[in-house]
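Below is one structure; the comments refer to it alone.
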Amino acid sequence: MTKIISEPWVIENTCVLDSLTIEPGASITAPEGKYVTLTVDGIGQTIEPGVYTGNVVLTVCDNFTRTTLRFGEETVSNFHAGAIIDNGKLLKNSSVAAIVSGGTLTDEEANDISIESHEWDFNGFYITGKSNYVINNMNMLLIGDGTDDFVGMGAGVAVTGDAKVTINNSKIHTEGIGRGTIYAGGNGVVSMNNCDVSTVSYIPTKEQLLEGAKTQRMMEPPWAIGLRGNGRTLNLAENGALNLDNCHVTSNSWGVLSVDGARVNRMNVKDSLIEITGSNGYGCFCICDDFMFDYKSLNDYGCIDVIDHSVFNVPYTGTLMSLGNGKVEFKNASVINSGRFGAFVHRNNHGLLQVHEKSVFNTKSSSVVVKGSNLYVEFDDAVLNPGNGTILQLMDNDDVGMGPDTFYVPIGIEDERDSRDLTVAVPDEDVFVTISNMSATGNLFNSTTNLMACNRRVPWDMDPNNAPPPPPPPGDGMAAPQIPMGPDGKPVLRGFEGPDLMGAKNLDVRLVSAQLTGVISAATASYGEGITIITKENCEELSNITQTPAKPVNNGVIVTIGSGSTWTVTGRSYITKLTIEAGAVVKGIDDKAVSMTVDGVKTTVQPGVYTGMIVLDIA
């Protein structure tokens, strides 16, 4: 049967054809409450003018409508998919059977099937309710953009509600902006074994970005954290959970294993290879960004990523830790090979980074960069190979958020001493690092100040003395989240946009049965020569600082050398409190002598507790 469409056609029922011609100006739509999908030889196509021949099917299905939460706001979406499973039942009236090729598809499982679509926002599977579903030996290819990966629109397999889905020995590939392969939202749990999963995105035009902003479509990450790209392979939202075992997962940019629009999430990655194939992007994300949720009532970390005996090959950072009290753990000889950082931490509130059990950070820059955060770092029986010689780069936050378009580098402005106690690290404000049961070579620097440069909206030479005004509403079309305020007038979730986590920090460093060769010191920070502003165009300059040991102002450095530990000093170090326990050793590099002064008075380096302006150096 041949059909020629020359005008708008509202198709009532599924139609099978040998040939279909859609003339310019014509269209095919379904009645209200339904949708129509065009397949040619089992492959989904965008309905647009052209000639289609072969096994041509126009499938009319019932819309499958779901309401989800995104940053505390309801989002209503109509999902179109090859297979929609709800409460353990395949909804045939809402599923496009013509796009599912080969194998078998039932209420409980799918075996040996293929799904290919070239239509925007089309899901391979949408599985929800109290479903328990298994997918074996599937091949899936989805081409075209996804408009909202916060709710799983266009994901290869989207899992929500209370569904539990296991995917075995399958290949899932997507191409397009925001076109993820896997989505886990609601209370959904996705377990993947022996799978090959990938996404490739393209760079949109400015006009496309402006159009996307009108509908609050997130087509790229915030440039103010130095990221670039237009797609993330996987996203966990709400209370979604992910288990990966022996999988290969890649993205060409932005991120691979993402968490966003999240409340409480769990991610377990075992025996897997995670890769960014392009020039920018992260391995895994950790964030707790449900601003309406009381995380204190949880009595646990809001987001936990556990990386077990896996390898991350990334150009930017192995893990990106952001808002809330998230935890990331690298264990059992996991390896990060990174073009910049092992871990990038910003605006994190009382989070934990663990690198242990012979896990390895191979990084061209610092092992860990921390800014605007209250963080605990535990290196235990780990291997750290920082290319720039810095294990910890604790610095001022230069993330200006979603709205402004410029970061003004502080030039010619010095920090002024406040009333902070530089000899005590405050548990819910400062940064704590423990190095135990290992040998490490590298420096730990604290260059934080109270300049609050990330909040500044005018160049320093125009207004060097006045406090920066509050940030304006975002200018990219996205509404500013409404953050709940506590009785003290501060945000319930510290560190989102307020100043609580910004400003000077104390750094607490402890060696426990460990050997460290390097400098531990307060420091100053400088950006590259000639860098006065940082915008989207040169955002790679963010975090790209040189730290130089210097006397502390408000940036205390508290060091404890535990019994059985050795600190081999390689250069001048400025400290505000030093504890050398009995049985600990402090010595100079190459057996050089170490000198120490406390408030300008020469002091013997021996077990004891010292406070004040402490300077250690080698002869």
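Side-chain contact, Asp41 with Asn55: no donor N or O sits under 3.5 Å from an acceptor N or O. Side-chain atoms of Asn235 and Ser258 form a donor-acceptor pair, as typed in the model, at a separation below 3.5 Å. Side-chain contact, Ser19 with Thr2: no donor N or O sits under 3.5 Å from an acceptor N or O. Thr199 and Thr174 are linked by a side-chain donor-acceptor pair at a separation below 3.5 angstrom, with hydrogens and angles left out of the test. Side chains of Asn230 and Ser201: no donor on one and acceptor on the other come within 3.5 Å. For the residue pair Asp405 / Thr535, no side-chain donor-acceptor distance below 3.5 Å is found, with atom types taken as modelled.
Using a 4.5 Å heavy-atom cutoff, the side chains of His346 and Ser322 are in contact. Met267 places a side-chain heavy atom less than 4.5 Å from the side chain of Cys284. Taking 4.5 Å as the limit, every side-chain heavy atom of Leu323 sits out of range of all side-chain heavy atoms of Asn349. A 4.5 Å side-chain heavy-atom check between Arg232 and Asp260 finds at least one atom pair inside the cut-off. Side chains of Asn246 and Lys270 form no contact here, defined as non-hydrogen atoms less than 4.5 Å apart. With a 4.5 Å cut-off on side-chain heavy atoms, Val197 and Leu234 do not count as touching. For the pair Leu38/Val56, a side-chain contact is recorded, criterion being any heavy-atom separation below 4.5 Å from C-beta on. Using a 4.5 Å heavy-atom cutoff, the side chains of Met140 and Lys171 are not in contact.
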Could you walk me through whether Ile135 and Phe125 pass the side-chain contact (heavy atoms from CB on, under 4.5 Å) test, one step at a time? CA-CA 10 Å; Ile135 300 171; Phe125 279 82; 4.0 Å; yes
Steps toward side chain to side chain donor-acceptor pair (under 3.5 Å) verdict (Asn78, Thr65): CA-CA 4 Å; Asn78 292 319; Thr65 305; 2.5 Å; yes
Verdict with reasoning, Asp107 to Lys92, per salt bridge (Lys or Arg N to Asp or Glu O under 4.0 Å): CA-CA 10 Å; Asp107 292 339; Lys92 295 182 179 180; over 6 Å; no
Quick one, Val249 with Leu257, criterion side-chain contact (heavy atoms from CB on, under 4.5 Å). Give me CA distance, side-chain angles, the key distance, then yes/no. CA-CA 8 Å; Val249 189; Leu257 308 177; 4.2 Å; yes
Leu142/Glu175 under side-chain contact (heavy atoms from CB on, under 4.5 Å): CA gap, chis, key distance, verdict: CA-CA 6 Å; Leu142 304 180; Glu175 297 180 14; over 6 Å; no
If you apply the rule side-chain contact (heavy atoms from CB on, under 4.5 Å), what do you find for Val200 with His173, and how did you get there? CA-CA 8 Å; Val200 172; His173 179 72; 3.7 Å; yes
Passes side chain to side chain donor-acceptor pair (under 3.5 Å), Asp121 versus Thr147? Steps please. CA-CA 7 Å; Asp121 284 337; Thr147 57; 3.0 Å; yes
Mind running side chain to side chain donor-acceptor pair (under 3.5 Å) on His350 and Asn325 for me, showing each step along the way? CA-CA 5 Å; His350 210 71; Asn325 64 334; over 6 Å; no
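Between Asp399 and Arg347, at least one side-chain nitrogen of the basic residue sits less than 4.0 Å from a carboxylate oxygen of the acidic one, meeting the salt-bridge criterion. Ion pair Glu540/Arg228 flagged as a salt bridge, since at least one NZ, NE, NH1 or NH2 atom sits closer than 4.0 Å to an Asp/Glu carboxylate oxygen. Using a 4.0 Å cut-off between charged side-chain N and carboxylate O, Glu211 and Lys206 make no salt bridge. Ionic pairing of Arg217 and Asp145 is present here: one or more N-O contacts between side-chain nitrogen and carboxylate oxygen are shorter than 4.0 angstrom. At a threshold of 4.0 Å, the pair Arg266-Asp300 counts as salt-bridged, since one of the basic side-chain nitrogens sits closer than that to a carboxylate oxygen.
Residues Ser334 and Asp308 share a closest heavy-atom pair of OG-C, 3.5 Å. Across every non-hydrogen atom of Met192 and Cys247, the tightest pair is O-SG, 3.5 Å. Considering all non-hydrogen atoms of both residues, Asn87 and Lys130 come closest at OD1-N, 2.8 Å. Closest approach of Asn123 to Ala155, counting heavy atoms only: ND2-O, 2.9 Å. Taking both residues in full, the closest heavy atoms of Ile4 and Glu23 are given as CG2-OE2, 3.6 Å, listed atom of the first, atom of the second, then distance. Taking every heavy atom of both residues into account, Cys288 and Cys303 meet most closely at SG-N, 3.4 Å.
For Tyr126 and Phe64, the gap between ring centers is short of 6.0 Å. Between Tyr35 and His80, the ring center distance clears the sub-6.0 Å criterion.
Put simply, the side chain of Ser131 gets close to the backbone of Gly88: a donor and an acceptor are under 3.5 Å apart. In this structure, the side chain of Asp162 does not engage the main chain of Gly129 through any donor-acceptor pair within 3.5 Å. Using modelled atom types, one side-chain atom of Thr317 and one backbone atom of Phe344 make a donor-acceptor pair closer than 3.5 Å. Between the Thr181 side chain and the Ser198 main chain, no donor and acceptor come within less than 3.5 Å of each other. Between the side chain of Ser94 and the backbone N or O of Asp62, at least one donor-acceptor pair lies under 3.5 Å. Here the side chain of Asp294 pairs a donor or acceptor atom with the backbone of Lys296 at under 3.5 angstrom. Not one N or O on the side chain of Asn194 forms a donor-acceptor pair closer than 3.5 Å with the backbone of Asn168. Side chain of Asn239 to main chain of Val264: a donor-acceptor pair is present (N/O by atom type, distance under 3.5 Å, no hydrogens or angles). Between the side chain of Arg179 and the backbone N or O of Gly154 there is at least one donor-acceptor pair closer than 3.5 Å. The backbone N or O of Met153 sits nowhere less than 3.5 Å from a side-chain atom of Asp148 that would complete a donor-acceptor pair.
Below 30°, between 30° and 60°, or above 60°: for Phe293 and Tyr295 the angle between ring planes is above 60°, a perpendicular geometry.
At least one cation-pi condition fails for Arg66 and Tyr183: the charged atom is not both under 6.0 angstrom from the six-membered ring centre and inside a 45 degree cone around its axis.
Phe312 pairs in a side-chain contact (heavy atoms from CB on, under 4.5 Å) with only one of the listed residues (Val335, Leu273, Ile307, Ile276), which is Ile307.
Taking CG of Asp245 as the reference point, atom SG of Cys195 lies at 10.0 Å (rounded to 0.5 Å). The CG atom of Asn332 sits 10.0 Å away from the CD atom of Glu329 when rounded to the nearest 0.5 Å. Atom-to-atom distance recorded for Ile5:CD1 and Leu20:CG is 6.0 Å, nearest 0.5 angstrom. Of the inter-residue distances, the one linking Leu90 atom CG with Ile84 atom CD1 reads 9.0 Å to the nearest 0.5 angstrom. Taken from CD1 in Ile143 to CD in Gln45, the straight-line distance is 9.5 Å, to the nearest 0.5 Å.
Other residues, nucleotides and ligands place more than 12 heavy atoms under 6.0 Å from the CG atom of Leu298.
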